[in-house]
Every structure is written in structure tokens, then in C-alpha cells.
S.K.: 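Sharing a structure below in C-alpha cells format, with a few things to ask.
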Amino acid sequence: MTRIPIDRRRFIGLTAAVAGLGLTGLPAFAAGPDVLTKAIPKTGERIPAIGMGTWITFNVGEDKKLRDARTQVLAKFFEMGGGMIDSSPMYGSSEAVVGYGLDKLGRTDGLFSATKVWTPLTAHGEEQIEDSRRLWGLGTFDLFQVHNLLNWEDHLQTLRAEKAAGRIRYIGITTSHGMRHDGMEEIMRSEDIDFVQLTYNAVDRDAEARLLPLAAERGIAVICNRPYRRGGLIDHVQRHPLPAWSRDAGAGNWPEFLLKFIVSHPAVTCTIPATTQVVHMTENMGALRGPIPDEKMRRRMAEYVGNL
Amino acid sequence: MDRLIPFTADVYAGMFARYNAETWPALVLALLLGAVALVCVRRGEPQAGRILAFTLATYWVWTGWAFFIKTYAGLNWAAVPFGALFIAQGVLTALWGGVLGRFETAAGRTRSVEIGTALLFAALLGHPVLTYAFGHPIDTAHGFGTAPATVALIAVAALYLIYGRRVLWLALWPVLWAAWDLASAWTMGLWRDVPLPALTLFFAVWLAAQRLRR
């Protein structure tokens, strides 16, 4: 439910990653036989580098037809090796719809559950944590984050107590849209946290200057949100041909191109594209396979997208 | 703006379909109340102002409770404060126009009453016609007096049906809501949802300009 089982495939992947680290001295990309995983620095636990966001896409309310459609998206996500699902009480019915899907699928193997606490009130934060457990149908969460740094001092205390009690495995903080980076940096320097979540993609690269190096230095895992700028970026680049050299970056289509750019950053642990469609989920999860770009290729990718 | 709209346009439309199906008796009642209020105003009945105020207050409170708090809140965290503001507007309308009797109907001021009547019919027919014209399922249309966009337009229509400047402050929330509604529709690309808040804004500003000039 809350841990990725160490089966043969994952063991081989882990072994390959350790071997790769030893040979190259680079941060480990556990490009196993078929799924790219990356390590959570605090524990070494590996998770698939492509997760799934639920902002907008899973907020379908009580509509059973749409809930079932999102369950199909969820099924494809797990089928193709996905792990992290990220949500928030801010996202309307998204947590309930994720819980509905998990219940329908009857499985949580491989799930890395991530949600947030989002309220200015400390006591209400405790209620939100309980609500999330009920909505997801989980007793233990893998990751709980303080959404947009709202009342972060008090909520981090609550999350630490939950972690000590074994009801949460990792804790973190989030921002989005490139906002409040100064506040995030201060917390990363002063607090003991496991994860940060921030906006990073081929055109929103502010995090490269301070936050990503700091995360690497402090051993904090990084989740990157808005990989497609809520669809605006993917819509824009798809009007242009994919460069021939993208094959060298391991990208056979634009989603793979954009996602591989993100997860190939050494400090990035995972990115969380969101979608309502199975076909798009298939494209997204394609970025878990094949080679990943090196630093030289990453510069070329960013320059190419920036000029489109 | 897009951070305050955490759903897609089809989910929003689907929510209206379910809301309409679950609350259709309220729509029937809203139509009856509206018809009675309009007839009373146009005939110059002595209690027409109070009837109009309580009818309008019912629309505000119902929409705040049934639509925002009981329905829309499932999709959008902002629905609860919006619902509270709709209910507050309803309470103020009931107090000002109903209890204190400050709604002096404009019967005899033909032009103002005709504009108000026309706006009421726009609130009744506008969205269903646009829904049909844009090829959306008719059950997703915004009902008269039971959906926020129609209630805001009805509120402005009511101000045309009553006389004086003392009621203009009641246009403040409809104007703010209509501006928000217009921006939301624009952001989601829901073009059928643009005309009603645009009408609300235009006629509220026009009314204020006319009455403050006198």
C-alpha cells in the first residue's frame, strides 16, 4: 500500500542504478530494465520518475461516468509503472476521485501517495489529514506536504508528529507558479524536511539557480509540478515538429521530450503531469523508458523549446 | 485566474445538469414567484416593493445555499465564501426592501419598467437559448432564479423596477459577481456564459450613471 515492493524487476533496476553511480559518479538514475526510478535522498527508496498530478483533471465531483473515465487513466498509470499520485484538499473532489479509482482497481501496489494540508487553521489541518485518509482509503500516507507554505510552521509540527507516529512516511512543502521561492529556500535551510514541490519545466527554470542545488546539498527530494504549464506549453510546442535529434534524448514525442528534460536534472526526483485521457497518460509514461538526456543535451533541449 | 477554477468546462456543465435535475421544483417555484412579483410591480400593487424584495431575497439565499454550498463546493473551495456572500445579499435585500419597505416600485416610469421587464425575460430565456445555439445539452442551462448568473441579472432588473438612488448599493454585489463570472467564463472558454454577466454589468453601470446624474 505504501511501499514499492522489491520484486525482481525493481531489484535489477536498483542494482543497475548502484552500478551506474559507481561507474560514472553521477547522481543515480535507476533506468532499470524498463522503468526509470530515482532515489529519495533521505532514505534511498526509489520511486518512478514520472508521477501523476490531479489538479483539475480529477476534480469531477460525483459524476460516475467521469469518475470511471479517470479510473481508466489511473489503471493505465499503474500498468505503465507509475507510482506517485499527488493531490490536495484544494483540488475540490480530486482526493475523493483518486480514492474511488483506487477502490475500483482494488490495488494500491506501487502507489506512492502524496497529498497536502491546506488551511490557515492548525486544528483544521489535523481534520484535513484525517479527511485525506478517509477519501483515499489509506491508513498511512507516503508523503504529506504543506500546500503553498500556508501556515507552514504549525502544519510542519503536526506532520512531524504524524510521521513519528508512523502514519506519514515523508513530509514536505510546496509552491507553484514560481512563487515564494525565497520562503521555500529559508525553510529548506532551516527545517528538516524530506520533499519540496515546485514548478520546473523547460521554460520555467528559476529553480535551477538556487532551489535545485540547495535540495541536492540538503538531501531533499524534489517534485516538479506544472511540467506542461497546465497544457499551455505542450499545446504550444506541438505546433512545431519534434527535432530529429530528440531521439538522442530518448524522446519519441513532445510529452517525452518535456518530461525527460525535467527528470534528467540530477536534483529532480519526480514530475507529476496531469491528464484526463488514457492516450495522454500512455505518452507521459513513455518518458519512464529509454535513455535520458545528459547535461549537454538538456541545454540543447531548453534552448530549442525556448526559441519556439 | 486559472488557479481559482480547478475543473474543466465539461465538468462544470455536468454539475449544472445534476443540480437542475435534483432541484427542478425550485425552478418552478422561482418562475411562479418571479411572475407574481412582476405582475404586482406592473400593476402598481401597494405591497409590490415588498413582494419583489422577498422574491429576490429568496433567489439569493436559495442559490447561495443550494447551488454554492451544497453543490459547487464539491468542485471549488471558493464556493463556500461565495455562497455566504449570496446569502448575505439575500438577507440585506429582505431587510432593506421587505422589512424596511425601501423598495418603491417604479410603476408609471414606463421606460425603466420596460427595461427591467426585458432583463427579466433575458434572465429567463437568455441562457437556455444560448445553450441550444451553442449545441450544449439543454439540461445544462442556468435556471431562472436558481443559478448565480441569472440571479445577478434579476437583481439588476429589479433595480430598474424600483425607484430612487437609495437602492443602488444593492447593485454592488451583483456587479462584483458578474465581473467574476465573466472572467471565469472567458478563462474557461465558455462563450455561452458570457452574455448574461455582460448584460448585468452593462445595465448596472448604466442605471447607476443615470440615477446618480439626476
Side-chain angles (χ1 to χ4, degrees), chain A residues 53-70 73 86-100 116-121 124 127-128 131 135 147-148 150 174-180 199 225-226 228-233 235 274-277 280, chain B residues 1-24 26 63-84 131 136-143 146-148 180-181 183-190 193:
Chain A
T54 57
W55 167 244
I56 295 176
T57 53
F58 271 61
N59 186 15
V60 302
E62 298 295 326
D63 190 318
K64 187 175 181 306
K65 191 176 162 192
L66 290 176
R67 282 184 168 214
D68 288 340
R70 298 305 181 269
V73 173
D86 178 74
S87 194
S88 170
M90 184 194 177
Y91 302 169
S93 60
S94 292
E95 288 190 295
V97 176
V98 168
Y100 174 89
K116 308 183 186 82
V117 56
W118 178 71
T119 171
L121 306 174
H124 186 219
E127 289 173 25
Q128 275 189 349
D131 284 346
L135 293 169
H147 196 144
N148 283 343
L150 185 63
T174 78
T175 69
S176 67
H177 297 70
M179 295 191 300
R180 303 197 66 181
T199 295
N225 58 35
R226 292 175 60 81
Y228 299 146
R229 281 187 158 182
R230 195 189 162 177
L233 180 57
D235 289 346
T275 180
T276 62
Q277 297 181 41
H280 291 164
Chain B
M1 183 73 194
D2 66 341
R3 298 175 72 190
L4 295 170
I5 305 173
F7 43 78
T8 57
D10 61 327
V11 168
Y12 189 60
M15 178 195 64
F16 267 100
R18 284 193 306 285
Y19 172 68
N20 290 337
E22 289 167 5
T23 64
W24 65 265
T63 304
W65 172 252
F67 176 76
F68 281 102
I69 294 175
K70 299 302 288 183
T71 306
Y72 192 29
L75 292 181
N76 193 345
W77 58 269
V80 173
F82 278 140
T131 297
H136 295 286
I138 198 68
D139 64 347
T140 64
H142 299 187
T146 60
W180 163 264
D181 203 16
S184 302
W186 195 271
T187 302
M188 284 194 285
L190 277 172
D193 289 358

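To find a chain, count down the sequence lines: A is the first, B the second, and so on, and within it residues start at 1. Values reported hereafter were calculated over all heavy atoms of this structure, with side chains retained and with hydrogens, waters and symmetry mates removed.
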S.K.: Can you name the nearest heavy-atom pair linking Gly61(A) to Leu75(B), along with the distance?
M.R.: N-CD2, 3.5 Å
S.K.: Closest approach of Glu62(A) and Arg18(B), non-hydrogen atoms and distance?
M.R.: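 Nearest pair, atom of Glu62(A) first, then Arg18(B): N-NH2, 4.1 Å.
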S.K.: Name the residue from Leu66(A), Thr57(A), Asn59(A) that meets the side-chain contact (heavy atoms from CB on, under 4.5 Å) definition with Val11(B).
M.R.: Leu66(A)
S.K.: At what distance, to the nearest 0.5 angstrom, does CG of Asp63(A) lie from CG of Asp10(B)?
M.R.: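 The distance works out to 8.5 Å.
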S.K.: What's the shortest heavy-atom distance between Phe7(B) and Ile56(A), and which atoms?
M.R.: C-CG2, 3.7 Å
S.K.: Can you sort out the partners of Arg180(A) under salt bridge (Lys or Arg N to Asp or Glu O under 4.0 Å), two or more places apart, ordered by chain and number?
M.R.: none
